[in-house]
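Structure first, then comments.
Just so you know, ligand 1 is whichever comes first in the structure, and atom 1 is the first atom listed for that ligand.
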Amino acid sequence: MRRGNLIPNLKLTLPPPDEVSLAKFLTQSGTFMDGNLLVNRDGVRIVSQTEVEAPPPIKPTDNQLSLADIDTIKVIGKGNGGIVQLVQHKWTGQFFALKVIQMNIEESYRRQIAQELKINQSAQCSYVVVCYQSFYDNGAISIILEYMDGGSLLDFLKKVKTVPEPYLAAICKQVLKGLLYLHHEKHVIHRDLKPSNLLINHIGEVKITDFGVSAILASTSGQANTFVGTYNYMSPERIVGGKYGYKSDIWSLGLVLLECATGQFPYSPPEQGEGWGSFYELMETIVEEPPPSAPSDQFSPQFCSFISACVQKEPEARLSANQLMAHPFITMYEDLDVDLSSYFTSVGSPLATL
Ligand code: ATP
Ligand code: MG
């Protein structure tokens, strides 16, 4: 974009202010312009025609983002697969989150990955984090995502410890809408629903992220970079390596909600940290033991029933996202009209903005 020359003290003689000629000079932003001359409070500038209005925000369908056009602001998160940075588009000033996953993949896997990323990019739903662009370059996958300035539900949970039921219902409703979209419209299973993959922002929105990414990692798990994410929220049918479907995400949702409500991961932590023995112990517990439940003396019967509808060990016995939308736990707090925006912004430490 060409910057204009600033001529601060130039006096400009405007034509008589009759309606017709004013319309010619007045732009939408309240500045006057004629040809390449722009007049506003700051003076007069010679500008190119394209500079007069602010550039339109980049849309996911624009296909115009390139890594060369963005500046890195700071690292905002680290996962097992890579890092997430806050970045800013040089020309529009728009913020994005750039996720970089290091992985050296064989040629044969690249096509598959490109395919998965395309599914990711085609998602158009207010309850799913927008993926603007993805690249594979030099041993790393870079994904440009919508920036969610509240970070993840995991970050939030660390600050608030527990989420009261009315807020949880409002959060859950948005997650269900995201799942409805993924399951019923995109026909994809998320596969890695967990608190760090639910992102929030200051206007009270909750969006699902990283769908498809876990599939990419899993599909390359035979390679040197094995999938090292958490298995904690994985459904019993997935753990045993059987067939699984959309209901697998519903299991994960149940565990996430229970964790938000109680402040603890629903299965007591395996002994002595992360050894392989404890990992198998947890997997075995999920498969062998009865599912967890919400303590009925601390939570409403509706919440307890909702959790139970999600964490049935038999996938067929679990309700679908569609059915859960009509569950009394979701509907009972609707009249309260809870304000997630103030809730998310009220927790003290600043959201992950500049
Ligand atoms: P894993 O690698 O096991 O999946 P993870 O989900 O925590 O774990 P990432 O997806 O890399 O790993 O995300 C790390 C953190 O980065 C998140 O917890 C969140 O705080 C932040 N983050 C990720 N995506 C965004 C985004 N689009 N906007 C804002 N913050 C984000
Ligand atoms: Mg993630």
Heavy atoms, side chains only, cut-off 4.5 Å: are Leu255 and Glu259 in contact? no
Atom 16 (O) of ligand 1: which of Ala97, Gly77, Gly82, Ser196 has the nearest heavy atom? Gly77
Run down the list Leu98, Leu199, Thr209 and name the one with the heavy atom closest to atom 24 (N) of ligand 1. Leu199
Taken to the nearest 0.5 Å, the spacing of Tyr246 OH from Ser248 OG works out to 12.0 Å
Side chain Asn197, main chain Asp192, donor-acceptor under 3.5 Å: yes
Would you check whether Lys99 has a nitrogen or oxygen atom less than 3.5 angstrom from a nitrogen or oxygen atom of ligand 1? yes
Is Lys247 salt-bridged to Glu237, cutoff N-O under 4.0 Å? no
Of all N, O or S atoms in Asp210, the one closest to the Mg ion (ligand 2) is OD2
Just going by heavy-atom distances, which of Asp149, Ile76, Leu86 is nearest to atom 21 (C) of ligand 1? Ile76
Heavy-atom side-chain contact between Phe303 and Leu258 under 4.5 Å: yes
Looking only at non-hydrogen atoms, the one of Gly79, Cys131, Ser152 nearest atom 18 (O) of ligand 1 is Ser152
Within less than 2.8 Å of the Mg ion (ligand 2), any N, O or S from Asn197? yes
Closer than 2.8 Å to the Mg ion (ligand 2): does that hold for any N, O or S atom in Asp192? no
Examine ligand 1 and decide if any of its atoms is less than 4.0 Å from a heavy atom belonging to Asp210. yes
Contact check, side chains of Asp155 and Ile200, non-hydrogen atoms, under 4.5 Å: no
Numbering as shown, the atoms of ligand 1 that approach Asp155 to under 4.0 Å (heavy-atom distance): 19 (C), 20 (O)
Examine distances only and state if a side-chain atom of Gln323 and a backbone atom of Ser320 form a donor-acceptor pair shorter than 3.5 Å. yes
